[in-house]
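Report on the structure given below.
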Amino acid sequence: KALAPNLFDYKMEQLRTGDRKRASAVITHLDNAMSFAKIDTSDLELDDNERVKAGIQCLDMVMEAVPQWFAEGKEPQHKGRKLAPKRVILMRPDIWSALVASNELLAMQQPILMPMVVEPLPWGKHGQRGGYRFAMAQHHRLITNVSSAENKRVGRAEMPAVYAALNAIQNTRWRVNADLLSIVEEILSLGGGFAGLPPAAHTLPSLPVKPVSDEETVQRAWGRECSHIRTENRQRRRVIDKVARTIDVAKKMLPEECFYFPCRLDFRGRVYCMASYLSFQGDDLSRSLLTFAESKPVDATARRWLAIHGCNMLGTTLPLDADTPGRKVSSLTLDERVEIIASMEQQILDLAADPVGCPGLMLSAEKPLQFLAFALDWSAMLSAESRGCVYHSSLPCSADGTANGLQHYAALTRDAVGAQAVNVLPQDRPSDIYAVIAQKVVEYITAAAPTESQAAQWLSAHGKFGVLSRKTVKRNVL
């Protein structure tokens, strides 16, 4: 500490997280740093006897500070052991449970990787690693899930366009959408359970009471029900924990005027954020909590794309009546999407004015929280226009490709048919390659049914379309 006080204090602050795995990593980093700085630590090396003495002193200090945490007991005996049990000091079970729960909570509040408040290191050739700085510099390779040799080979390649694109993405300045964060916290404080947010943990179903009957069938049925509830509760807790961690990161970054997401590539060349939970590539909640740090004036072109983005977040248009279901937004032209938003302006204004009290339109959206973020921005724009002011927006407008891999193949091979199927060529109404392939497969199975027994059985069991939906085909095509 005397030789490197700043390093020591920095590492000690990280140790206070309460996460055992993280603490172990911090200790390892501290050891490496002291070794690099050639700090003599020989006087800190303890033999087994000294470790026992140090442990006893630590235990005495804890027991003196909180004696009510401990009780005297007997050492558990193994079967066949005839020695007299030893008297030991044990921590009370309720205190142990509370400490374990507290440790999990502390660990949850400190994600593995946070966004950066300074610009990430730029990526470059000759092994120049980018992304995180300082203690985390050089810890992340350019490409994930490939060998060191492959990373070195790629690092020697001339690809300035790749580095320029990657550095531009990770140098984008972001900030937290404070208005949406406060609405999300309000929804959760009321118990959650809508707008894609999970219900509170205390609302999870409890296990049924064990039946009095000893009949095997009754006991098995009870066991199956308990297993089903435990599985569902585990899945719900994962969602609850993920939401809590995402919100915790957003609250930590809220005071920052801007921050950055360091990025790298996967083996296909796709760009991915390295930060945990909160990112512009995350789920609906994560994306809705982010806006650009710099706003731009909304002209006619920006207004059009803002409307298209809002309609895309709907996913499906509202049904005209009970007999006329809504249409998939992905099948609509861009002009039709703009018209839909224009026809819903009053509903959008109502949602923006009272998201919790009048959430109907938000609840019908495929991505409810991102649609709410759009509604707040659209309402603010209309308000500015009514005052004759130019509105400045910082809301990110999402755009996605259609089967990106097939788009690349169509462009590389100059395949006009394939290009039209994946929307590389301009056309008024978007094509849906997955639905087309699903229809082709059904036609093939139908034609094979008279002579192929398996095809006939499939048609008989599932009907003409059955389980072979667009969603089923999509994964196999990708």
Side-chain angles (χ1 to χ4, degrees), residues 10 13-19 21-22 26 101-120 132-136 170 172-203 236-263 273-295 352 355-356 359 362 367-377 380 394-396:
Y10 172 72
E13 181 63 29
Q14 289 183 306
L15 277 173
R16 296 190 182 100
T17 178
D19 186 331
K21 290 183 179 179
R22 182 174 175 81
V26 171
S102 175
N103 185 67
E104 292 176 353
L105 178 63
L106 290 171
M108 181 188 73
Q109 293 176 346
Q110 185 59 53
I112 300 171
L113 299 173
M114 292 283 288
M116 296 179 66
V117 294
V118 295
E119 285 191 5
Y132 285 105
R133 295 176 179 265
F134 310 117
M136 300 178 69
Q170 69 173 8
T172 301
R173 296 152 58 91
W174 298 87
R175 62 182 172 83
V176 172
N177 189 332
D179 293 336
L180 198 88
L181 177 59
S182 63
I183 294 171
V184 168
E185 290 187 296
E186 183 181 357
I187 293 174
L188 291 174
S189 69
L190 297 174
F194 70 95
L197 297 172
H202 62 79
T203 62
R236 291 173 182 175
R237 285 194 185 94
R238 289 193 194 102
V239 175
I240 292 170
D241 289 348
K242 184 179 180 182
V243 168
R245 290 170 188 253
T246 302
I247 292 174
D248 185 67
V249 178
K251 291 168 72 174
K252 281 184 171 68
M253 304 309 298
L254 182 60
E256 304 295 338
E257 291 186 2
C258 73
F259 51 86
Y260 307 84
F261 291 104
C263 300
C273 290
M274 288 190 270
S276 308
Y277 304 109
L278 182 69
S279 81
F280 58 84
Q281 294 177 318
D283 56 14
D284 183 41
L285 170 64
S286 183
R287 296 188 187 199
S288 68
L289 291 172
L290 294 172
T291 66
F292 292 123
E294 300 170 358
S295 60
V356 179
M362 174 177 61
K367 298 177 180 177
L369 294 175
Q370 288 183 79
F371 183 79
L372 175 58
F374 156 76
L376 296 173
D377 205 55
S394 60
L395 187 73

Are the side chains of [Y] and [X] in contact, using a 4.5 Å heavy-atom criterion?
X: D377; Y: T291; answer: no
X: Y132; Y: L113; answer: yes
X: Y260; Y: Q170; answer: no

Report the residues that fulfil salt bridge (charged side-chain N to carboxylate O under 4.0 Å, His left out) with K367, sequence neighbours left out, ordered by chain and then residue number.
none

Below 30° counts as parallel, above 60° as perpendicular, anything between as tilted: where do the rings of F371 and F374 land?
tilted

Anything under 30° is parallel, anything over 60° is perpendicular, the rest tilted; go ahead and classify W174 against F261.
perpendicular

Whether the side chain of R287 engages the backbone of G282 through a donor-acceptor N/O pair (distance < 3.5 Å, no angle test) should be reported.
yes

Could you check M114 against M253 for side-chain contact (heavy atoms from CB on, under 4.5 Å), going step by step and ending with a plain yes or no?
CA-CA 9 Å; M114 292 283 288; M253 304 309 298; 3.9 Å; yes

Mind checking side-chain hydrogen bond (donor to acceptor under 3.5 Å, both in side chains) for D283 and listing every partner two or more places apart, or none if nothing turns up?
none

Only residue of V184, L278, L197 satisfying side-chain contact (heavy atoms from CB on, under 4.5 Å) with I247 is V184

Rounded to the nearest 0.5 Å, what separates atom CG in L181 from atom CG in L254?
6.0 Å

I'd like to know if D241 and R237 make a salt bridge, using a cut-off of under 4.0 Å between side-chain N and carboxylate O.
no

With sequence neighbours excluded, tell me which residues meet side chain to side chain contact (heavy atoms under 4.5 Å, CB included) with S182.
none

Give the intermediate values and the outcome of side-chain contact (heavy atoms from CB on, under 4.5 Å) for residues Q370 and S288.
CA-CA 5 Å; Q370 288 183 79; S288 68; 4.1 Å; yes

